[in-house]
Protein chains: 2
Amino acid sequence: MKRYVDQLAALGQSGRLEIFRLLVRAGSRGSCVDDIKRSVRMPGSTLSHHLDTLARCGLLRPERSGRFVYYAVHWPEAARLIRFLTEDCCCKMSGRPGARPAAGEGRRRRRARPARRGGARTDESDTSPPRAARR
Amino acid sequence: MKRYVDQLAALGQSGRLEIFRLLVRAGSRGSCVDDIKRSVRMPGSTLSHHLDTLARCGLLRPERSGRFVYYAVHWPEAARLIRFLTEDCCCKMSGRPGARPAAGEGRRRRRARPARRGGARTDESDTSPPRAARR
DNA sequence: ACGATGTTTCTAGTATCACCGAAATATCCA
DNA sequence: TGGATATTTCGGTGATACTAGAAACATCGT
């Protein structure tokens, strides 16, 4: 569980997500730090920290080759993350998103719950941005 | 792009990931805050903040029903995130993870690059944790 | 060995975030 | 209306993260 949290947090940062996407496109051999630096235009120390973060959570793997260190996507781990999200979180919505996943729903309440007006609605009735400003 | 970053960051926190997974299992109608609170055992104010974060990035949608506010997974948005990750980041590794994605690789270097010893390796040769302690 | 190049560590400033108690707001029920 | 329940906002604190310049470390070519 913690590993997924770390991986999601690692990707949940613009700079790191950019780096990761770059390396996905770079292929299995990856890119060395200097090339990445030229692409993402970021001070070496900052880049190094981000790469370290991505490597620590398992999404990247460094490999030294002479003076250069190549960082490449660690596909098994990336696949594992995707699988976690799709299977554990979002498999229910494959197909049309409104499909209710027949959850156990066995949870009991201490007290009567007001009946849902309109009964089970179709959900996904709109795709509009979910009222961003609530304050 | 920013939306994906926000969503990944929102899920990259243990408490919020737990909430989100709970709501995935709760079905399309979602759960009201009080039920969630009893499940995740978290002070109301903290929970409210987390729910707000998840709602702001589009992954959850609140709906008031009397005294209760139901938070439910916003499936279209969740699906969009998954799609982004699979298509934009990790499609290459569907099937066996080692499959090299035939990257363009057209990027030029200022200077000669030391030849990769051993040529294209199979990658994913091991699944061991990527040398966590580098310091 | 020396200088050049590539990468990481050190150090530090700032911003952001997680957390939670207390108070405020909203709604229901009698 | 008043009390009870549900949820959010406010205020503050400690921890963590992002950033980056400077210095250190590693490796290559000569």
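The sequence lines fix the lettering, A, B, ..., with proteins before strands; numbering per chain opens at 1.
Two residues are said to be in side-chain contact when any heavy atoms from C-beta on lie closer than 4.5 Å; B/Leu23 and B/Leu59 fail this criterion. Residues A/Arg25 and A/Leu22 meet the side-chain proximity criterion, which asks for heavy atoms closer than 4.5 Å. Counting heavy atoms from C-beta outward, B/Leu11 and B/Leu54 have side chains that approach closer than 4.5 Å. Contact of the A/Phe68 side chain with the A/Val33 side chain is not registered, since no non-hydrogen atoms from C-beta on lie closer than 4.5 Å. Residues A/Ile36 and A/Tyr70 fail the side-chain proximity criterion, which asks for heavy atoms closer than 4.5 Å. Contact annotation: the side chain of A/Leu17 approaches that of B/Phe84 to within less than 4.5 Å [non-hydrogen atoms, C-beta and beyond].
Distance, B/Tyr70 OH to D/dA6 P: 11 Å, rounded to whole Å. The CD-P distance, from A/Glu18 to D/dC18, rounds to 15 Å in whole Å. In this structure, A/Leu51 places its CG atom 11 Å from C1' of C/dT8, rounding to the nearest Å. As rounded to whole Å, 10 Å separates atom C1' of D/dT27 from atom CZ of A/Phe68. Taking atom CD of B/Glu63 as the reference point, atom P of D/dA6 lies 18 Å away to the nearest angstrom. Atom pair B/Asp34:CG and D/dA4:P shows a separation of 17 Å (rounding to whole Å applied). A straight line from CG of A/Leu47 to P of D/dA22 spans 18 Å, rounded to a whole angstrom. The nearest whole Å value for the distance from the NZ atom in A/Lys37 to the P atom in D/dT19 is 15 Å.
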Check the pair B/Leu85 / A/Thr86 against side chain to side chain contact (heavy atoms under 4.5 Å, CB included), numbers first and verdict last.
-> CA-CA 10 Å; B/Leu85 286 176; A/Thr86 49; over 6 Å; no

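In this structure B/Thr46 satisfies the side-chain contact (heavy atoms from CB on, under 4.5 Å) test together with B/Met42, B/Pro43, B/His50, sequence neighbours excluded.
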What string of B, S and - do you get for nucleotides 17-30 of chain C 5' to 3' if you count protein non-hydrogen atoms under 4.0 Å?
-> -SSBBB----BS--

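Salt bridge status for A/Glu77 with A/Arg3: present, with a side-chain N to carboxylate O gap under 4.0 Å.
For the helix from C/dA1-D/dT30 to C/dA30-D/dT1, the rotation axes defined at the first and last 5 base pairs enclose an angle of 30°, given to the nearest 10°.
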